[in-house]
Amino acid sequence: MPHVTNPANGAPKSDSTFEWSMGGTSYVSSLVIVGSAPGNDNIYPGTEIPKANGTKDSNVTHPHDGDTYFTRVKFRVTPGGTWYTTNCTITNFISQ
């Protein structure tokens, strides 16, 4: 099941590097989103990362205001295809 591994669920986060695991899901590209509510991407809509480039985004923006925000993985199964969130776990972190 795709999920964000850095930051860990509920952990504080001050830097801009987010990492995730695809958990055996077949995909061609993925990204991580950040929102003020579960499933939203209003804080950071993500940058598409091709499978060959791994599962890390070092340019994730978040407010650094001490509040809780939510993150999850989105992925494509075909180049330029639909974005999926099937079985992608939504986690939260404290933006510091």
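- Between the side chain of Ser95 and the main chain of His64, a donor-acceptor pair closer than 3.5 Å is present.
- Considering every non-hydrogen atom in both Gly54 and Ile49, the closest pair reads O-CG2, 3.3 Å.
- When hydrophobic clusters are built by joining Ile, Leu, Val, Met, Phe, Trp and Tyr residues whose side-chain heavy atoms come closer than 4.5 Å, directly or via intermediates, Trp83 is not grouped with Tyr27.
- A heavy-atom distance below 4.5 Å is found between the side chains of Asp57 and Tyr44.
- Tyr69 and Phe18 fall within the same hydrophobic cluster, where Ile, Leu, Val, Met, Phe, Trp and Tyr residues are linked whenever their side-chain heavy atoms come under 4.5 Å apart, directly or through other members.
- His3 has its side chain out of reach of Val73: every pair of non-hydrogen atoms, C-beta onward, lies at least 4.5 Å apart.
- Heavy-atom minimum distance, Pro50 versus Ser29: CA-CB, 4.0 Å.
- Atoms NZ and CD, from Lys13 and Gln96 in turn, are 11.0 Å apart once rounded to the nearest 0.5 Å.
- Of the inter-residue distances, the one linking Phe75 atom CZ with Thr82 atom OG1 reads 11.0 Å to the nearest 0.5 angstrom.
- Here the shortest heavy-atom pairing between Ser26 and Val77 reads O-CG1, 3.4 Å.
- Considering Ile43, Thr71, Val32 as possible partners of Val60, the one that fulfils the side-chain contact (heavy atoms from CB on, under 4.5 Å) test is Val32.
- Between the side chain of Thr55 and the backbone N or O of Trp20 there is at least one donor-acceptor pair closer than 3.5 Å.
- Rounding to the nearest 0.5 Å places NZ of Lys74 at 12.0 Å from OG of Ser30.
- Within the model, atoms CZ of Arg72 and CD1 of Ile90 stand 4.0 Å from one another, a figure rounded to the nearest 0.5 Å.
- Judged by distance alone, with hydrogens and angles left aside, the side-chain atoms of Asn42 form a donor-acceptor pair with the main-chain N or O of Ser36 at under 3.5 Å.
- Put simply, OG on Ser14 and CD1 on Ile94 are 12.0 Å apart, with the number rounded to the nearest 0.5 Å.
- Ring-plane geometry between His62 and Phe93 is classed as perpendicular, the angle between the planes exceeding 60 degrees on a 0 to 90 degree scale with a lower cut at 30.
- Heavy-atom minimum distance, Ile33 versus Gly46: CG2-N, 4.4 Å.
- Not one N or O on the side chain of Arg76 forms a donor-acceptor pair closer than 3.5 Å with the backbone of Val28.
- At least one side-chain heavy atom of Thr17 sits less than 4.5 Å from a side-chain heavy atom of Ser58.
- A donor-acceptor pair under 3.5 Å links the side-chain atoms of Asn9 to the main chain of Asn92, judged by distance alone.
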